[in-house]
Amino acid sequence: MADTVNEFPEAYAQALDEVLTTSSFAARYGETDAQFINAKTVNVPDIAFASDKLSDYDEFKTANDVSLTYTPYTLANDKQAVFHVDAAEDAETASIRSTQAAAQYERTIFVPAVDKDFFAIAAAKAKSKGATQLTAANIKDEIRKARSQFTQAGLMGGELYISSAALALLEDAVDRQFSNETSITDSIGSYDGFQLFETPDALLGADFTVISGGKATIRYITKRAVSYMFAPGSHTQGDNWLSQHRWVFGTIVPKNKVAGIYTNKAVVGA
């Protein structure tokens, strides 16, 4: 009976309440049907036509040539996490660590790391990489550059991931008419055909990054995501709960889809 805990001690309940949870930006572009060649290499199909000219009608004598090629891409990340929780200590603390450590780790450490990697790849592969020091006077013009790039590539709309500082400039730059003084707001949910997402600076690594074309432009791929849980006495690594976790994942941008990404990051000191 000494090991029985009928309710969470107040200190532990407060600790749980302080844990921040988050959701992944990269999940929007998650690809579940990737074709793997071996190890961490994935094949991405590309369809190409021999000509972009329209053929005149000639009783269907002239055929259009179409080719299908596969381009291999390698997933960059193979990560793990291992937790040992002493069985005696776990019994004294209502099994909080053994039952919740992995989930909290995934939400607060793994998912942010995935998003940081995702945005870094997006910025590195972007067709255009602006370095303009943003102001309220020029931010709309800089965002329009992304729209123009996408239009020329036959793309419409997309997602605008923007830092808090850049979003504040955009809010200051937009003129509004308020009809009801009891519900005045200066927040912006969409702009210039783009859905806005205010993104933490530590993850975004830019003033803003715009993505058009969804998963046709950029894909977040997970090859393996597994978890193993061993009770005390079922393994040979001590008297503890043992949990092991592994994630094989990466973000890819097909070489012919870079026009679907635009990013801006001002040069420090400029």
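Basis for what follows: all heavy atoms, side chains included, without hydrogens, waters or symmetry-related copies.
Heavy-atom minimum distance, Gln149 versus Ala259: NE2-O, 2.9 Å. For the pair Ile139 and Ala136, the tightest heavy-atom approach, listed with the atom from each and the gap, is CG2-O, 4.0 Å. Between Thr41 and Pro72, the closest heavy-atom pair is CG2-CB, 3.8 Å.
Phe83 places none of its side-chain heavy atoms less than 4.5 Å from the side chain of Arg97. Put simply, the side chain of Lys127 does not reach to within 4.5 Å of the side chain of Ile261, judged on heavy atoms. In this structure, Ile37 and Tyr70 have side chains that are not in contact, with every pair of non-hydrogen atoms separated by 4.5 Å or more. Considering only heavy atoms from C-beta on, His235 stays 4.5 Å or farther from Tyr228 through its side chain. In this structure the side chain of Phe25 reaches within 4.5 angstrom of the side chain of Pro200, judged on heavy atoms. With a 4.5 Å cut-off on side-chain heavy atoms, Pro232 and Asn240 do not count as touching.
Residue-environment remark: CZ (Arg144) exceeds the threshold of 12 foreign heavy atoms within 6.0 Å. A 6.0 Å sphere centred on CD1 of Ile47 holds no more than 12 heavy atoms belonging to other residues, nucleotides or ligands. For Lys40, the NZ atom counts as densely surrounded, since its 6.0 Å shell holds more than 12 non-hydrogen atoms of other residues, nucleotides or ligands.
Ser24 contributes a side-chain N or O that, together with a main-chain N or O of Ala27, makes up a donor-acceptor pair within less than 3.5 Å. Using modelled atom types, no side-chain atom of Ser95 and backbone atom of Ser98 make a donor-acceptor pair closer than 3.5 Å. Side chain of Asp65 to main chain of Ser51: no donor-acceptor pair is present (N/O by atom type, distance under 3.5 Å, no hydrogens or angles). Using a distance-only test at 3.5 Å, with no hydrogens or angles considered, a donor-acceptor pair links the side chain of Asn138 to the main chain of Thr135.
Remark: Leu160 CG to Gln195 CD distance equals 10.0 Å, nearest 0.5 Å. Here the CG-OH distance, from Asn43 to Tyr73, works out to 10.0 Å after rounding to the nearest 0.5 Å. The distance from the OH atom of Tyr262 to the CD atom of Glu142 is 5.0 Å, given to the nearest 0.5 Å. Here Asn77 contributes atom CG and Ile221 contributes atom CD1; the two are 12.0 Å apart, rounded to the nearest 0.5 Å. Atom CZ of Phe60 is separated from atom OG of Ser55 by 11.0 Å, given to the nearest 0.5 angstrom. Note that CD of Gln100 and CZ of Arg107 are 8.0 Å apart. Values are rounded to the nearest 0.5 Å.
Val253 and Val44 fall into different hydrophobic clusters, where Ile, Leu, Val, Met, Phe, Trp and Tyr residues are linked whenever their side-chain heavy atoms come under 4.5 Å apart, directly or through other members. Transitive grouping of hydrophobic side chains (ILVMFWY, heavy atoms separated by less than 4.5 Å) keeps Met156 and Phe150 in distinct clusters. Residues Leu68 and Phe49 share a single hydrophobic cluster, defined by chaining ILVMFWY side chains whose heavy atoms lie under 4.5 Å apart. At a threshold of 4.5 Å between side-chain heavy atoms, the hydrophobic network of Ile, Leu, Val, Met, Phe, Trp and Tyr places Val42 and Phe118 in two separate groups. When hydrophobic clusters are built by joining Ile, Leu, Val, Met, Phe, Trp and Tyr residues whose side-chain heavy atoms come closer than 4.5 Å, directly or via intermediates, Val248 is not grouped with Tyr105.
Taking the six-membered ring where the residue is Trp, the centroids of Phe110 and Phe249 are separated by under 6.0 Å.
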(request) With side chain to side chain contact (heavy atoms under 4.5 Å, CB included) as the test, would you mind laying out the steps for Val82 and Leu242 before giving the verdict? (result) CA-CA 7 Å; Val82 179; Leu242 171 63; 3.8 Å; yes

(message) I'd like to know whether Leu196 forms a side chain to side chain contact (heavy atoms under 4.5 Å, CB included) with Tyr191, so could you lay out the CA-CA distance, the side-chain angles of the two residues, the decisive distance to 0.1 Å, and finally the verdict.
(response) CA-CA 7 Å; Leu196 265 70; Tyr191 178 76; 3.8 Å; yes

(message) Please evaluate residues Phe230 and Gln244 with respect to the criterion side chain to side chain contact (heavy atoms under 4.5 Å, CB included), reporting the C-alpha separation (whole Å), side-chain torsions for both, the decisive distance (0.1 Å), and the verdict.
(response) CA-CA 9 Å; Phe230 302 95; Gln244 301 169 326; 3.5 Å; yes

(message) Determine whether Thr71 and Asn256 satisfy the following criterion, side chain to side chain contact (heavy atoms under 4.5 Å, CB included), listing intermediate values before the conclusion.
(response) CA-CA 11 Å; Thr71 304; Asn256 62 346; over 6 Å; no

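Using the six-membered ring where Trp is involved, His245 and Trp247 have ring planes that are parallel, under 30° apart on the 30 and 60° scheme.
Applying the salt bridge (Lys or Arg N to Asp or Glu O under 4.0 Å) test between Asp192 and each of Lys140, Lys145, Arg147 identifies Arg147 as the sole match.
Among residue pairs with one or both ends in residues 71-85, those qualifying as salt bridge (Lys or Arg N to Asp or Glu O under 4.0 Å) are Asp78-Arg246; sequence neighbours excluded.
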Enumerate, atom names and distances included, each donor-acceptor pair closer than 3.5 Å involving a side-chain atom of residues 201-220, sequence neighbours excluded.
residue, atom, partner, partner atom, Å
Asp207, OD2, Asn264, ND2, 3.0
Asp207, OD2, Ala266, N, 2.9
Thr209, OG1, Thr263, OG1, 2.8
Ser212, OG, Gly157, O, 2.6
Lys215, NZ, Gly30, O, 3.2
Thr217, OG1, Ser212, O, 2.6
Arg219, NE, Lys215, O, 3.0
Tyr220, OH, Thr222, OG1, 3.4

